[in-house]
Amino acid sequence: KIFSNKYFYFAYFYNNFNIDVSFNQLLSFEFESYEKSNLNLSNNSLNETSLRSFNLKNVNYLNLNSNKFTKLTTDFFSQSFCIKFLHLRQNNISFIENGTFSRMKLLLTVDLSQNLINNLHISTFYGLFNLINLNLSHNYINNIQMNLFRDLVSIEHLDLSFNQIY
């Protein structure tokens with residue numbers, strides 16, 4: 001019945017827990033974990049309002065690929081201190097608010113490929129000193145501001161292929 005209503009609530013209290021609810025038709029997801037966890041919510045119908053009460057403070061790995069996100073705001077990731085791997089590929093993201101990732105100091109990988117991003121503000125990646133992999137391929141980015149990537153001192157792989165940079 002939970003899945004027929006397209007809403008899902010899950011609470012878990014043990015360490016290193018993995019939950020995969022990908023390839024469903026979830027419209028909402030509530031999750032609370034008091035220990036480290038990994039979440040795969042890819043290929044659902046989630047958007048920025050679906051996860052408002054989402055407790056991300058103990059999540060290490062978050063896969064939100066192929067959902068219906070259109071924008072990323074600081075509110076969404078305000079409790080996301082532990083995320084190391086963030087996947088948002090193939091959504092409809094066209095806007096990323098300044099400082100969206102600023103509290104996510106442990107981020108190692110961010111995948112924003114195959115979205116509708118055309119502009120990145122100079123503070124988009126502010127404070128991501130540990131970021132190693134950033135995938136911005138297959139977007140509509142047409143201009144790279146000077147110092148956009150200045151805080152990415154650990155970056156090893158930056159993919160800007162298949163954009164409209166000139």
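We're numbering straight along the sequence, starting at 1. This is a predicted model, so every value here is computed, not measured.
Residue pairs meeting the salt bridge (charged side-chain N to carboxylate O under 4.0 Å, His left out) criterion with at least one member in residues 122-138, sequence neighbours excluded, do not occur. Among pairs with a residue in residues 84-100, those fulfilling salt bridge (charged side-chain N to carboxylate O under 4.0 Å, His left out) read R89-D111, at least two apart in sequence or across chains. Within the structure, salt bridge (charged side-chain N to carboxylate O under 4.0 Å, His left out) contacts touching residues 120-131 (residues at least two apart or in different chains) do not occur.
Residues satisfying the side chain to side chain donor-acceptor pair (under 3.5 Å) test with S102, not counting sequence neighbours, are none. Under the ring-ring contact (aromatic ring centres under 6.0 Å, His included) criterion, Y61 pairs with H87, sequence neighbours left out.
By the 4.5 Å heavy-atom criterion applied to side chains, V110 and L131 are counted as neighbours. A 4.5 Å side-chain heavy-atom check between L112 and I96 finds at least one atom pair inside the cut-off. Residues L26 and V21 meet the side-chain proximity criterion, which asks for heavy atoms closer than 4.5 Å. In this structure, I155 and L134 have side chains that are in contact, with non-hydrogen atoms separated by less than 4.5 Å. Residues F85 and L108 have side chains in contact (heavy-atom distance under 4.5 Å, counting atoms from C-beta outward). When side chains are defined from C-beta on, S113 does not count as touching Q90, because their heavy atoms never get closer than 4.5 Å. Proximity of N47 to T70: side-chain heavy atoms (C-beta onward) are nowhere separated by under 4.5 Å.
Residue F23 is found outside any hydrophobic cluster, as its side-chain heavy atoms come under 4.5 Å of no other Ile, Leu, Val, Met, Phe, Trp or Tyr.
With hydrophobic clusters built from ILVMFWY side chains whose heavy atoms lie under 4.5 angstrom apart, L148 shares a cluster with I93.
F81 CZ: more than 12 foreign heavy atoms inside a 6.0 Å radius. The number of heavy atoms from other shown groups lying within 6.0 Å of NZ (K105) is above 12.
Here the options are N115, L116, L72, N139, the test is side-chain contact (heavy atoms from CB on, under 4.5 Å), and the partner is S94; only L116 passes.
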- Pair Y140-I117, side chain to side chain contact (heavy atoms under 4.5 Å, CB included): steps then yes or no: CA-CA 6 Å; Y140 295 91; I117 301 167; over 6 Å; no

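Between atom OG of residue S66 and atom CG of residue N91 there is a gap of 7.0 Å, rounded to the nearest 0.5 Å.
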